[in-house]
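This report concerns only the one structure given below.
Every chain is numbered from 1 and lettered A, B, ... according to where its sequence line falls, protein lines coming before strand lines.
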Amino acid sequence: MKKRILTGIIALLLLLPLTGCGSKPTTDPGSSFVIPTDKTVLNVASMVDPEGLDPQKTSATSTYEVTTNIFESLVTYDENWNVQPRLAKDWTVAEDCMSITFKLRDDVKFHNGRQMTAEDVKFSIERLHEDDSPKKKYYKNIVDCVIEDDFTITFKTETPDPVLLTSFAYPWSVVVPKECVDTLKTNPVGTGCFKFVEWTPQQDLKLTANEDYYDGAPRIANVHFQIVPDATTAMVGIMDGSFDLVEVSGYSVDPIKDNKGVSIYSKGVNAVAVLGMNLDNEYLKNEKVRQAMASAIDKDEIINATSDGFGDKVGSYLPSSAAEYIDTNDVMPYDLEKAKTLLAEAGYPDGFSIGLTLPKDYATYTNIGQVIADQLEKINVHCKIEMVEWAEWMQNVYTDKKYDMTVMANTGRLSAYDFISRFNSASGDYISFKTGEADEILAKLKTELDETERVKLVQEFQMLIAEKVPVVPIESQLRLYAMNASLKGFAVYPTETTDYKYLYFE
Amino acid sequence: MLNYCIKRIYSAVIVVIVVSIITFLMLSMVSGNAAILALGTDATPEQLAALEHEMGLDLPWYLQYFNWVKGLVRLDFGSSMLYGTDVLTLIIQRLPVTLSLALFSMLMSLTVSFILGTISAVRKGGIVDIICRSIMQLGTTIPGFWLSIIFIIYIALRSPVFPISGFVSPSESFEGYLASIFLPSLVLAIAETGSMLRAVRTSMLQSLNQDYIIMAKVQGLPRWKIYIKYGLRGALAAPLNVAGLKFARLLGGTTIVESVFSLPGLGRLVLVAVEQRDIFLLQGTAMFITASVVLISLAVDIITALMNPRMRLEGEQS
């Protein structure tokens with residue numbers, strides 16, 4: 001017995017040096033941090049691998065983050081939502097909004113040395129119509145393509161599309177060389193200012209500057225992406241200078257924000273995190289029940305608890321960064337008493353139990369879901385939380401709609417219509433507004449060509465969602481990046497990608 | 001002996017086949033598939049059906065399995081749906097990492113276990129014995145991910161020698177390779193040492209209670225000779241068996257350490273294959289790991305048999 005106690009004491013003693021470490025400050029601000037003077041290699045830490053390097057055949061943001069620097073689209077949106085020319089130097093949209101003509105640059109070469117012509121643009125946009133192109137439905141309206149000459153091309157639509165230009169600015173609407181498409185997934189060949197060097201999945205990916213780039217070679221000579229699945233490791237790496245750029249979450253900013261060698265960039269995400277609801281569910285099809293839930297959810301508490309306050313609460317389904325955004329937070333404010341009354345009026349004074357399916361790969365959404373479950377408990381709505389893998393979420397929630405509630409954010413589009421069109425009752429989407437109350441606005445929006453009228457319609461839509469609550473909108477999150485303080489020129493675009501073209505070390 | 005080996009290899013082949021069928025069956029039973037994941041949250045149901053058909057995912061699982069076996073006969077393991085790269089290439093890329101981790105951690109763990117285990121058995125109840133039992137308790141209870149993070153923050157961040165993440169291939173720089181593999185191996189070794197030490201100690205205690213040890217003591221042989229030559233030799237079989245199985249398990253079971261230290265090893269490959277429903281990749285890795293485990297346990301059995309003639313005879317009778 002005595003021996004056993006002694007063993008225990010020694011075990012504790014052996015642990016002491018480790019726990020002792022815990023009481024020291026966890027950061028050592030910039031003591032060993034040296035800013036290199038002639039640095040030309042950009043070290044980026046990424047949590048996940050790209051899912052292949054063919055941006056037209058995947059829906060993974062991790063792929064776009066890399067391929068945006070290898071491939072280029074005809075036009076781009078800068079961080080202030082202004083359209084900028086890229087492969088197209090000029091364009092004209094027909095008055096009836098049924099065609100668009102692009103004048104292409106004549107000095108663009110693919111990384112394999114061949115010149116890019118209108119033929120490649122036609123081929124690339126048509127490639128988005130294939131079945132394995134995740135964005136197929138957004139290109140259905142483009143029905144014809146006419147090559148006027150080698151550097152002039154016209155796309156025609158079936159019905160008027162007032163936001164046609166945005167279709168050519170996405171990370172997937174890029175121009176690819178026909179002769180390389182079979183191997184793009186592992187060996188991308190584009191026109192961008194960085195060329196692909198090599199990729200070892202789960203280890204690293206290397207890009208190098210394209211010396212023949214039509215706009216002049218970039219200032220960064222080499223980009224080295226390292227796949228670092230663990231967030232703590234990535235943070236330590238940014239502190240000791242192993243990495244120059246990493247995306248971080250709200251809570252990990254705290255230990256590094258005072259570090260002189262590190263700067264933080266934050267930008268509102270072009271997305272809205274929502275509590276998605278299956279309107280076929282017997283409780284949720286009742287508008288009063290949904291309003292009760294919206295009133296019982298304290299969004300400020302969610303944002304503080306899950307991302308340390310980095311986020312904008314929203315009352316409707318449009319990101320706070322969008323041009324048409326209006327503040328609808330007062331329509332259904334946090335009010336526990338009102339929530340209880342509404343629930344009683346709906347016929348459930350004693351509450352009920354309901355499923356909440358959360359994607360466990362996305363910590364942000366599972367955290368939000370857990371706080372919501374806790375808050376709904378106060379009006380006697382008991383959430384049965386089920387954590388599922390992403391593949392299972394995609395099957396059960398997104399495809400088969402076998403769910404009651406979930407938490408998710410769908411990333412942004414460059415036009416408000418594309419972003420909100422999933423609420424059309426016929427869209428077949430997991431959060432479509434099945435009662436059809438949004439259909440009229442969406443139908444008008446689709447054909448309305450006048451810009452002021454369009455803005456009005458989008459605002460009308462936001463009011464409708466805020467009042468009828470087909471989903472409970474929670475927040476537009478803030479995207480945070482930690483980077484080497486000497487790295488300049490960093491910006492995140494509305495497409496959620498960054499252009500390393502403009503980066504340099506000072 | 002030869003018969004015994006042939007029998008074992010024969011059963012190994014059957015195990016691999018059964019595992020590959022189970023892998024296919026299991027993955028076809030869980031929700032979600034590679035087509036759904038590839039299309040993401042913007043696809044229409046018709047488009048999904050078309051892509052599933054194109055990828056052959058709409059076939060019943062046994063037909064999918066049959067197609068895969070057809071490829072295998074031509075030594076084609078298929079290519080990863082996620083990465084687009086050949087499955088065999090992906091596995092071979094990972095081998096140096098996983099083998100180094102398994103090898104180094106076993107070496108560390110074996111060295112420490114044999115030295116401390118022997119001493120603590122000889123001086124049962126002594127101070128070394130007490131420390132050893134503390135190590136056994138700690139080693140098995142400290143979670144690997146926590147220890148890894150502690151090592152990164154308090155060793156890698158503060159020392160210029162150890163990188164905080166990533167793998168350096170030995171052909172690039174041998175010192176760099178050792179440095180990149182040392183801390184993760186240490187984490188694994190600490191976890192393995194607890195049970196390893198116990199195996200050595202128990203086995204040694206048993207061995208020291210044998211009549212021939214008492215006899216040797218009575219004869220007045222030098223102490224070290226009794227313990228090392230007679231005691232330890234008799235006590236080798238059980239710990240080596242444990243070590244072999246541990247080594248085999250490490251080939252597929254280092255996922256957490258690989259993730260924290262950002263090492264591209266087999267464990268993370270299996271993990272991503274399951275998450276992404278990448279059936280060919282999962283099949284390839286599962287078969288590879290199963291085959292290695294079976295072969296290693298076969299090798300361990302043969303070595304033990306060679307060391308102990310009695311066991312060899314028993315093996316032949318069974």
Taking all atoms of both residues into account, what is the closest heavy-atom pair of [X] and [Y], and its distance?
X        : Y        : result
B:Gly40  : A:Tyr398 : O-CE2, 3.9 Å
A:Pro229 : B:Ser262 : CD-OG, 3.8 Å
A:Asp131 : B:Leu39  : O-CD2, 3.9 Å
B:Ala38  : A:Ser59  : O-OG, 3.4 Å
B:Leu37  : A:Trp390 : CD2-CD1, 3.4 Å
A:Phe243 : B:Ile164 : CE1-CD1, 4.2 Å

Which side chain to side chain donor-acceptor pair (under 3.5 Å) pairs, counting each pair once, include a residue from residues 47-59 of chain B, with sequence neighbours left out?
B:Asn33-B:Glu52, B:His53-B:Asp58
Is chain A contacted by the side chain of [X], its backbone, both, or neither, given a heavy-atom distance below 4.5 Å?
X        : result
B:Arg277 : side chain
B:Thr44  : side chain
B:Leu82  : both
B:Val260 : both
B:Leu90  : side chain
B:Met55  : neither
B:Leu269 : both
B:Gln93  : side chain

With rounding to the nearest 0.5 angstrom, report the [atom1] to [atom2] distance, [X] to [Y].
X        : Y        : atom1 : atom2 : value
B:Ile153 : A:Thr233 : CD1   : OG1   : 8.5 Å
A:Ser242 : B:Leu157 : OG    : CG    : 8.5 Å
B:Arg268 : A:Ile227 : CZ    : CD1   : 8.0 Å

Heavy-atom distances under 4.5 Å only: say whether [X] touches chain B with side chain, backbone, both or neither.
X        : result
A:Asp361 : side chain
A:Asn410 : side chain
A:Asp204 : neither
A:Glu389 : side chain
A:Tyr430 : neither

Give the member of A:Ala391, A:Ser133, A:Gly428 that has the highest number of heavy-atom pairs under 4.5 Å with chain B.
A:Ala391
How about CG on B:Leu48, more than 12 heavy atoms from neighbouring residues, nucleotides or ligands closer than 6.0 Å, or not?
yes
I'd like to verify something: which residue of B:Thr141, B:Asp129, B:Ile152 has the highest number of heavy-atom pairs under 4.5 Å with chain A?
B:Ile152
Contact check, side chains of B:Arg94 and A:Pro201, non-hydrogen atoms, under 4.5 Å
yes
B:Glu258 versus A:Gln202: any side-chain heavy-atom pair under 4.5 Å?
no
Sequence-distant partners of B:Asp278, side chain to side chain donor-acceptor pair (under 3.5 Å), two or more places apart
B:Ser80
Check this for me: does any side-chain nitrogen of one of B:Glu46 and A:Lys136 sit under 4.0 Å from a carboxylate oxygen of the other?
no
